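What follows is one structure encoded as structure tokens, with my remarks underneath.
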Amino acid sequence: MDKVYEHKNVEEKIYKDWEEKGYFAPEVNPGGIPYCIILPPPNANAPLHFGHAMYVVEDILIRYHRMQGDAALWLPGADHAGFETQFVFEKHLQKDGKSRFDYDRETLYKMIWDFVQSNRGGMEGQLRKLGFSLDWSRKKFTLDPDIVAIVYKTFKKLYDDGLIYRANRLVNYCTFDGTSFSDLEVVHQERKSPLYYIKYGPLVLATTRPETKFGDTAVAVNPKDSRYKEYVGKDLDIETVLGSAKIKVVADEMVDMEFGTGVVKITPAHDFNDFEVAERHNLSLKQVIGFDGKMNEYAGKFAGLYIKQARAAVVEEMQKKGLIEKIDESYVNRIGLCYKCKNVLEPLPLEQWFVKVKPLAENAIKVVKNKKIKITPKNFETIYFQWLENLRDWNISRQTVWGIRIPAFKCEKCTKWIVTDGKVPEKCANCNSNKLIQDTDTFDTWFSSGQWPFAALRASRVSTDLKTFYPTSVMETGRDILFFWVARMVMLGFYITDEAPFKEVLFHGLVNDPYGRKMSKSKGNVVNPLELVDQYGADAVRFALIYGNATGNDQALSYTKLDGARKFANKLWNMARFIEMKRVQSSKLKVKSYEFEELLKEAKNETDKEWVKKTQGLVSEVSKYIDNYQFNLAAERLYEFIWHEFADKYIEDVKNRIDENSYLILAALYLILLKLLHPFMPFITEEINKQLGFSQDLIISAWPHD
RNA sequence: GGACGAUUAGCUCAGUUGGUUAGAGCGUUGCAUUGACAUUGCAAAGGUCACAGGUUCAAAUCCUGUAUCGUCCACCA
């Protein structure tokens, strides 16, 4: 054996060997109890980040269960990540001086497809480098035709059940990226927004958005407000920058008498609150901002200006005309930004497909309340309930090319929509016209990935997988996608299969930079996990991520911890070298695997016997910790026992009195330690196992029982 | 405006049914060793467990409140 453990000579070779022998497939344990984890499918196009390295938790569980004889399936997949990927591709185009507008839909889709395919292997190779025992023979992609077919069917079923409807509503629209978003994708930010007090005839009202005044269709006051009682129901004659106009005054509870002057302008086409007021009072919608982010013809001489320019111009004009009473420059409010490009999102009226979430959310709440799904750490249950209880309908239409195109067709003649499960209808069911046009929008990526557990298993290469592995054992993922993904999977999974898609949810925290700040490209503090794998070895990286980090907590990347883990691996290696060295010195010494009971009988020396019992105790401790998802405690206990008890005390003791019998005990106990450590540090333990000549590969060996 | 987390040694963090002198890694100090160990071993120093109350025979742990930091959610113009 080499004097120092060299991970670079070992990891790739071992992984290849495991994979070729088919160990990652659940079939290695025929007849075993099914145990299944679906890998949260990483973006097919993007390299891995540290969040993905935390999937080591899943590998620990899978390896542990595989060793216990379960038919353990860890199913890999890749997500097409619709808008995200298109966004990245557009950046890519930009470098060549092009944009998405330079290509037709089909060409653009094909280009992105090729782009994704050429990058896809990268992500998969990285998962391999981390030692993840994924069953690659079952891998799925969210754009596989069989998956797409399932997504279509779900859409049709929801539509037929009245849970999907098309409506013209205000949506969060990014005029730069040219698409709408769901509420979840909006990031809110506090900003200083000057509050303008504008004269509206006899009234004064406060607004942060004077440029939208051309879209006002009413002015509102609180019905209890005695100051304005006389105006309610009347039309006001007002002077505006575009000349004189008439505007109606309505009374609505939504108006806060304390805020501003207690008078609000109602701009239904450009404000979510106002839209609701308009519905209550039957006010018309007047859109004055276009989807290109510019003022339209209703803005008179301001038409063609971008929103920001228009605001400045309108304010200037108003000031000239004496229409502004005062400006509160220090006012701060929260505005919605595009989570990707960080530009201000515009509320704009647009026809979109919406999912009626209430009935779905009620079931999603129920399955957790009924303990059909257990969430760890438990405090995430509260967050989960709160979100589901206050959910608004989900806009699933995206104006992007990269994604699953919505199977809805509009009749040009009678304007009715026909929803199918993917087939192109020949004629309109309503008027028999054959002029049908498919919706150009694609699904929100989360609509398809929300179906992933049952879709991936139903479309699996092995036709019985859905029956065998669904609901899956545990959904382990980052706590940041509780709403985006986990809640949606429960809603859609339960809707389609009448069962919760998984029995448990297990969250891991974020890996932050060494100073505890969130890693982000814009801050430039992103650390590539693969670089650390190269430097420290996959086992050390895995161990460092688990050790000293309580389940679900965020952690700061720690180089000293990585170093500690690497040294631990080296210690383990040298313990093996000691055992190997003794064997070389005497041909009588044998290395073999034993059960604890046999060992207790075999052991002649009292101290040896004691260590058999201690190791036996360790087995039950570590098993219990893993069963309870206390991986940190399992890792800490193993570290402590292996190094400071087994090596420092036992090996030091047995060193100078070693004989055939003691050696047998020592080697057998060491093998047990290797097994216990294997889920955490798979490569080095397997390599040592080989070097010492134990007969069976560790990955499929039986977990010791105490 | 709500919710959730964190606060323990110089630093980074463990400590999940409340139970002897509160632990680890790194760092610091001293000693030893070239050994299975690109080191390792032995030992030491270092903590009013954020603060204030409460429950209990017993609280880092449970309860109430406060403070600071962080995160998430929310349509006040």
Side-chain angles (χ1 to χ4, degrees), chain A residues 1-6 170 172 183-184 186-188 193 195-198 205-210 212 219-220 254-267 270-277 331 333-336 347 376-387 389-392 479-480 482-483 509-510 512 514-518 544 547-582 624-625 628-630 632-633 635-637 639-640 643-644 647-649 651-652 655:
Chain A
M1 288 175 78
D2 295 336
K3 198 163 179 202
V4 175
Y5 172 63
E6 295 285 358
L170 289 201
N172 310 293
D183 295 340
L184 253 188
V186 181
V187 294
H188 295 273
S193 307
L195 188 60
Y196 302 92
Y197 285 75
I198 301 175
L205 57 78
T207 180
T208 55
R209 302 209 54 190
T212 62
V219 180
M254 154 270 202
V255 181
D256 178 356
M257 293 190 277
E258 308 293 316
F259 188 90
T261 59
V263 185
V264 186
K265 73 191 194 68
I266 300 299
T267 321
H270 300 292
D271 183 281
F272 289 102
N273 274 318
D274 296 0
F275 185 84
E276 284 176 19
V277 172
Y331 181 67
N333 69 351
R334 282 159 212 82
I335 49 165
T376 306
K378 205 169 183 321
N379 61 290
F380 285 104
E381 280 187 8
T382 316
I383 301 170
Y384 174 86
F385 290 136
Q386 269 174 13
W387 187 73
E389 278 157 12
N390 301 306
L391 206 47
R392 295 198 298 177
R479 57 133 236 251
D480 51 327
L482 169 59
F483 305 142
L510 271 43
N512 292 319
Y515 304 97
R517 297 168 312 183
K518 196 170 172 174
Y547 185 96
N549 172 241
T551 305
N553 281 3
D554 293 352
Q555 65 179 316
L557 183 66
S558 161
Y559 288 97
T560 58
K561 213 154 77 169
L562 280 162
D563 217 39
R566 191 186 52 75
K567 282 183 182 162
F568 178 53
N570 199 52
K571 184 74 184 181
L572 191 75
W573 183 257
N574 275 290
M575 291 162 73
R577 281 186 73 214
F578 173 76
I579 291 169
E580 177 65 5
M581 180 191 80
K582 288 291 172 195
K624 193 193 84 200
Y625 284 140
N628 294 338
Y629 300 144
Q630 294 167 296
N632 57 321
L633 299 186
E636 284 156 32
R637 189 68 191 103
Y639 180 96
E640 175 64 21
W643 196 326
H644 298 301
D648 288 354
K649 302 207 170 72
I651 295 184
E652 288 304 321
K655 207 174 205 173

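No experiment lies behind these values; they were computed from the predicted model shown.
For A:Met575, counting side-chain heavy atoms from C-beta on, the closest listed nucleotide (B:rU40, B:rA36, B:rG25) is B:rA36. You'll find that the side chain of A:Arg479 is closest to B:rU71, out of B:rA14, B:rG25, B:rU71.
Ring orientation note: the planes of A:Trp573 and A:Tyr5 are tilted relative to one another, at an angle of 30° to 60°. Relative ring orientation between A:Phe568 and A:Trp643 is described as parallel, the plane-to-plane angle staying below 30° on a 0-90° scale split at 30° and 60°.
The shortest distance between the side-chain N/O atoms of A:His644 and the OP1/OP2 oxygens of B:rG23 is not below 4.0 Å. OP1 or OP2 of B:rA38 sits under 4.0 Å from a side-chain N or O of A:Asn570. Using a 4.0 Å cut-off, no side-chain N or O of A:Trp643 falls inside it from OP1 or OP2 of B:rG25. Under 4.0 angstrom from either OP1 or OP2 of B:rG2 there lies no side-chain N or O belonging to A:Asn390.
Positionally, the nearest nucleotide of RNA chain B for A:Tyr547 lies more toward the 5' end than for the other of A:Tyr547 and A:Lys518.
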Distances for protein N or O near nucleotides 4-8 of chain B N or O, under 3.5 Å:
unit_1: B:rC4; atom_1: O2'; unit_2: A:Asn379; atom_2: ND2; d: 3.1

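Here A:Lys561 lies out of heavy-atom contact (under 4.0 Å) with every strand.
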### Summary
Applying the Watson-Crick and G-U criteria (both distances under 3.5 angstrom) with [ ] for crossing and | for other-strand pairs, one obtains for RNA chain B (((((((..((((.....[...)))).(((((.......))))).....(((((..]....))))))))))))....

